[in-house]
Protein chains: 2
Amino acid sequence: MLTALRHWLLALAAILLLPTPALAEDGYDLWLRYRPLAAGGATALPTGVERRGDTPTLRAAEAELTRAFAAMAGGTPARGARVVLAGAADPEVARLNLPLADLGSEGYLIRQVRLGNAPAILITGNSDIGVLHGAFALLRHVNTGQALAGIELASAPRIGLRLLNHWDNLDGSVERGYAGESIWDWWTLPEYTGPRYTDYARANAALGINGTVLNNVNAKADSLTAPYLEKAAALAAVFRPYGIKVYLSARFSAPVELGGLPTADPLDPAVQAWWDAKATEVYRAIPDFGGFLVKANSEGQPGPRDYGRTHADGANMLARAVAPHGGIVMWRAFVYADTDPDDRAKQAYTEFKPLDGQFADNVLVQVKNGAIDFQPREPFHPLFGAMPGTPLMLELQITKEYLGYNTHLAYLGTMFEEVLDADTMLPAAGASVARVVDGSLDGHRLSGIAGVANIGADRNWSGSTFDQANWYAFGRLAWDHTLSAEAIAAEWAAQTFRPDPALTGPVAAMMMGSRQAVVDYMTPLGLAHLMGTGHHHGPAPWIADLARPEWNPAYYHRADRQGIGFDRTASGSNAVAQYAPPLAARFADPATTPEADLLWFHHLPWDHRMQSGRTLWAELVHDYDRGIGSVVQMRRQWDTLAPLVDAERHAETAAFLAIQQRDAQWWRDASIAYWRSLNGLPLPDGAAAPAHDLDWYKALSFPYAPGHPD
Amino acid sequence: MLTALRHWLLALAAILLLPTPALAEDGYDLWLRYRPLAAGGATALPTGVERRGDTPTLRAAEAELTRAFAAMAGGTPARGARVVLAGAADPEVARLNLPLADLGSEGYLIRQVRLGNAPAILITGNSDIGVLHGAFALLRHVNTGQALAGIELASAPRIGLRLLNHWDNLDGSVERGYAGESIWDWWTLPEYTGPRYTDYARANAALGINGTVLNNVNAKADSLTAPYLEKAAALAAVFRPYGIKVYLSARFSAPVELGGLPTADPLDPAVQAWWDAKATEVYRAIPDFGGFLVKANSEGQPGPRDYGRTHADGANMLARAVAPHGGIVMWRAFVYADTDPDDRAKQAYTEFKPLDGQFADNVLVQVKNGAIDFQPREPFHPLFGAMPGTPLMLELQITKEYLGYNTHLAYLGTMFEEVLDADTMLPAAGASVARVVDGSLDGHRLSGIAGVANIGADRNWSGSTFDQANWYAFGRLAWDHTLSAEAIAAEWAAQTFRPDPALTGPVAAMMMGSRQAVVDYMTPLGLAHLMGTGHHHGPAPWIADLARPEWNPAYYHRADRQGIGFDRTASGSNAVAQYAPPLAARFADPATTPEADLLWFHHLPWDHRMQSGRTLWAELVHDYDRGIGSVVQMRRQWDTLAPLVDAERHAETAAFLAIQQRDAQWWRDASIAYWRSLNGLPLPDGAAAPAHDLDWYKALSFPYAPGHPD
């Protein structure tokens with residue numbers, strides 16, 4: 001008998017150890033990757049989940065916990081307390097007098113208590129959504145290797161609107177997407193809502209993301225027609241239990257295109273009436289619709305300026321339409337005109353600052369982190385701090401349009417942290433961008449942050465394993481901007497791979513240096529926008545012959561025989577004057593400007609002396625080589641981690657790091673070849689000559705680069 | 001001790017029963033879905049796999065069997081004989097004197113034998129690839145619920161070249177693709193070859209598909225440049241162990257576009273030299289490259305006619321270039337010209353038949369199943385049988401460009417079977433299209449069949465579960481055209497869902513009627529090409545105002561107040577004369593023309609009396625309603641199968657069937673509304689009026705229909 005049993009057990013064990021295709025580590029699980037815990041952790045798992053209340057949200061929380069605990073237990077019987085999901089209104093919870101006041105409507109509290117005369121891990125909040133967020137927080141706690149015993153967590157979001165912006169087109173393509181087609185299958189909606197939509201909601205709810213703009217800011221009016229509203233409504237129904245609202249990008253000229261009106265003038269009563277009726281129609285389809293995002297008078301999009309009106313006129317018209325329904329308008333400040341000869345970096349400020357205070361109280365102005373366009377590094381946008389009378393929403397780009405697509409490892413947590421922590425000094429020191437954005441500085445009711453999604457139909461969602469970390473970091477910082485990018489990197493690595501310091505330490509270290517590596521090999525020392533025009537892939541600093549000046553990389557670097565950089569001081573465009581006076585003074589002088597931003601603000605001679613003692617020219621070359629060195633170091637580090645990472649994801653990252661090293665070398669060599677064609681300088685001592693001559697680099701072309709540029 | 005053990009066992013059992021996300025039935029496994037067998041089957045599984053020889057192909061065969069048996073065993077100890085993988089040259093195998101002569105280079109033989117004095121299930125063949133095909137055949141045998149005991153299988157392909165044609169573009173889009181982006185990630189090739197490429201090869205090798213044309217017949221010359229050849233070579237390396245060769249679509253004007261030549265004239269020595277050098281370059285990158293597929297002088301593509309040369313001149317030039325390397329050329333006969341006023345259905349025959357015998361001996365002419373373009377039903381193409389001196393390759397469309405994309409359930413096995421079984425009667429009865437294609441009729445060395453793939457990056461590969469069956473049916477019929485579509489449907493269902501007659505019977509029945517349902521509700525009685533121009537979605541028989549005559553559905557139906565149909569008899573275009581005389585005579589008379597093709601060959605009055613006794617008008621309406629009825633019946637049938645199908649795939653198909661019913665109704669109503677606007681006839685007794693008036697249907701538009709039409 002025992003022999004037969006042993007035989008059976010061995011066979012069973014053999015199956016459990018088999019690498020089956022179903023268990024392939026294809027990255028689909030993201031940070032909701034529930035795997036058997038090490039023995040100690042598993043025995044302390046909760047013995048069960050008790051749900052008090054029968055709402056879709058509480059059921060979702062229960063389902064998530066049940067699924068996770070079952071997978072984590074790995075056959076080990078649980079011995080810990082049960083988990084109780086209960087809102088603040090539960091009588092027993094109410095009697096505990098827990099400090100729930102500061103949790104707001106979305107925060108959570110987790111604590112070991114006694115309920116019904118038995119020990120319990122209570123997850124509670126002032127709303128079901130708060131409880132759901134708590135359930136995910138508990139799972140993050142366990143999945144990062146922390147013990148449940150003595151757990152005590154409480155957190156509430158600091159920013160009200162935490163949104164993804166999908167630049168997804170109705171034809172299934174994704175502008176600046178490097179992870180396959182759009183996950184929205186407009187063609188089979190609303191009839192079919194497959195499991196991927198729910199998994200999208202789970203992944204976002206786990207971070208506390210509470211809204212998603214479904215369609216590209218370069219919007220088609222069709223998304224506002226009845227069939228597409230029905231499709232959006234089907235998605236909203238899937239997302240609703242997870243506390244995620246649906247928003248749409250609105251095309252400003254829709255009253256003309258759909259309504260047949262002769263104008264889209266925001267002050268025309270017929271136009272206002274059309275939008276009022278459209279908003280009513282939208283809310284009939286989606287009662288908790290979030291609101292509209294608008295890109296107007298920007299890069300060819302229609303807008304109120306077409307009719308001699310201001311951005312405030314345009315935004316307020318839409319705001320009036322959605323206000324009765326509780327909706328909001330997010331109006332983008334990303335504007336620059338081919339007819340305006342002024343420094344592109346100045347134009348948004350010039351146009352929007354005078355409008356401060358003129359926007360309706362359900363409007364947020366959405367401002368990119370920097371004044372140009374999601375470069376590897378930009379100083380913070382001068383509008384932050386400059387419009388105290390207006391809630392400013394921070395727009396970050398998660399997809400790596402300018403940072404190597406999906407094949408370069410570049411963790412953006414540090415970039416997001418950098419802008420959030422930047423001190424606007426308006427009205428005085430201590431006025432960080434984060435405090436502008438979360439509304440605490442100016443006492444705004446509305447606050448918001450948006451990330452341009454890097455999500456597509458690729459199995460791993462983001463086109464690479466490490467790009468998942470950028471979605472994750474955005475979500476975590478959107479919830480709590482006081483978290484550190486490094487801690488976020490480590491907790492992401494723990495959940496994505498394993499909660500083993502031998503892995504999380506090195507992985508977090510790779511991640512923390514990775515964005516600077518990209519800055520170094522692409523655009524060091526404050527250079528920007530030197531990428532190939534259109535697709536933004538690879539170096540093309542020589543492009544100078546395109547019709548619109550700001551289409552040309554040469555517009556941005558202004559290099560010549562004497563020097564390099566964009567003079568934004570008083571002797572140049574005087575963009576520095578858009579910052580608070582102490583910052584303006586600091587940025588006006590090369591000696592006090594942070595060297596990381598030096599050529600953003602100054603045109604300097606090639607022999608300008610740097611803090612290192614090197615000339616500017618030698619420092620540039622040094623930085624390029626440092627960038628390559630960082631990538632080489634990441635590859636070495638990654639190789640050493642092979643025993644701790646599954647083969648599938650290890651191979652993918654290894655292949656992509658090889659691509660990154662090749663591209664870094666290309667950036668360095670092409671850039672140096674070009675700068676030398678201008679400055680005629682010899683290579684600094686010890687610097688290797690570019691592999692090819694300049695013409696070779698100029699001849700490269702990429703007609704099929706992904707991301708569907710126009 | 002025993003108690004603890006029991007506890008542990010129960011816990012273990014609990015895990016095994018857990019529905020984990022990793023085991024979600026997302027369709028990725030296709031027909032290689034290995035799941036625990038019912039107890040009896042599992043105990044009879046082989047005890048092990050013995051591989052005799054160490055080649056990549058034999059290792060692939062071993063890996064597949066090991067993986068499958070482990071998953072099928074489900075913890076049950078195997079008791080059957082071992083499996084031995086050994087080529088015909090193995091001394092022990094040779095001594096068995098097995099009948100291997102007829103297996104050719106790709107066939108297999110499976111038999112229970114004694115090897116090394118122990119029982120074994122021998123899988124053998126004249127090549128490693130044959131053994132691999134045998135391994136997949138054995139798995140199909142088991143996975144369709146058949147016992148291993150007494151297994152005796154032998155099979156060899158009847159057609160030499162069994163190819164997929166991918167209409168995949170270099171930008172990642174797929175022309176006529178309804179399953180997401182291209183699975184070729186040109187951007188990360190050649191550096192990264194993820195697991196999906198291997199799984200693609202496995203799925204195809206399981207069917208015996210032995211070649212794949214990677215890029216769209218509407219080709220870009222770039223696919224022939226060094227970087228893209230390197231990418232194609234990386235794919236070829238993945239596919240090679242699976243016996244799958246890589247082919248490319250070649251753009252005829254590449255010598256001009258890439259080579260800078262002033263002409264692509266096939267008789268110009270410089271052009272020949274350019275192609276010779278290009279072929280050498282291709283074969284240096286891919287030593288076993290298959291050859292070129294060419295779409296020339298067709299729908300705007302360049303070709304030899306641009307220089308006053310024939311298709312044979314063009315094909316032979318390329319054939320000379322690849323011949324020294326063992327390559328072939330597949331030259332498409334899908335041509336029709338806007339400058340030719342003749343019946344579109346006649347033009348390919350008119351142009352190609354005179355060229356019979358003029359093609360080099362490594363050229364195949366690739367002919368679509370019908371003379372128009374992959375309609376729900378077409379009579380077989382009259383070129384079959386008409387060019388005995390030329391190997392004709394049959395081109396089938398697996399992707400459902402004209403049959404409802406991925407959301408209509410339409411099993412194409414019956415359509416493929418219909419054309420393969422069609423008797424050309426050239427030179428006499430019994431000369432089926434299959435015998436023309438497999439080369440047996442005319443004794444050709446080369447033979448080939450191609451299927452335009454329905455494969456994309458969607459997780460389930462084909463955009464729906466049931467569309468996987470069309471890829472499967474193509475592959476199985478390409479291997480052996482004597483298989484029945486019904487048997488293929490049942491074996492597909494068994495592997496895809498479960499080998500349970502309670503499921504496979506009803507599913508196969510649904511599939512067998514499904515294509516006729518589409519014919520009925522879209523284009524009954526020989527009507528064709530009534531779909532919306534460009535995207536080919538939905539009814540648009542009213543379109544009559546486009547510049548090129550054959551862009552207009554009205555060109556094809558020719559309906560007016562008096563009647564409907566295309567007169568292809570002597571009183572019309574006389575296309576019937578392109579068939580063998582007995583068929584021409586049959587098709588020339590409405591009384592002897594199969595009613596399924598009636599309006600393809602004849603323009604008939606609305607009151608033409610049908611075999612049913614109904615008028616043509618009443619019969620049309622009857623057929624539309626029958627089509628809808630079939631879909632309703634499929635929905636009912638599918639509902640009853642819910643207990644036998646996993647929730648995920650059941651829900652997807654159920655949602656798609658609902659879409660199909662809606663679309664069928666739309667086709668019927670719009671068509672009837674339009675015909676009535678012409679014929680002024682009352683609805684037949686009992687027929688329901690269309691839900692909307694004709695203008696409503698005309699106003700529908702689909703600017704974002706998938707499939708990337710031009």
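The structure presented is a predicted model; accordingly, all values stated were derived computationally and were not measured. A, B, ... follow the sequence lines: proteins, then strands. Residue 1 opens every chain.
Interface remark: A/Tyr178 contributes no atoms to any contact with chain B (heavy atom separation under 4.5 Å). Heavy atoms closer than 4.5 Å to chain B are found in the side chain of A/Pro703, but not in its backbone. For A/Tyr28, no part sits under 4.5 Å from any heavy atom of chain B, backbone or side chain.
Here the CZ atom belonging to B/Arg459 is positioned 5.0 Å from the CG atom belonging to A/Asp26, to the nearest 0.5 angstrom.
Interface residues of residues 180-190 of chain A toward chain B, defined by a heavy-atom distance below 4.5 Å and sorted by number: A/Gly180, A/Glu181, A/Trp187, A/Thr188.
Screening residues 647-659 of chain A for salt bridge (Lys or Arg N to Asp or Glu O under 4.0 Å), with sequence neighbours left out, gives A/Glu25-A/Arg649, A/Asp646-A/Arg649.
In plain terms, the two heavy atoms of A/Ala655 and B/Tyr192 that are nearest each other are CB-CD1, 3.6 Å.
Here A/Leu170 is the residue among A/Leu170, A/Asp171, A/Thr407 with the most heavy-atom pairs under 4.5 Å with chain B. Most heavy-atom pairs under 4.5 Å with chain A, from the set B/Gly172, B/Pro195, B/Ala654: that is B/Pro195.
Evaluation of the salt bridge (Lys or Arg N to Asp or Glu O under 4.0 Å) rule for A/Arg662 yields B/Glu191 as partners, not counting sequence neighbours. Here A/Asp222 pairs with B/Tyr704 under the side chain to side chain donor-acceptor pair (under 3.5 Å) rule; sequence neighbours left out.
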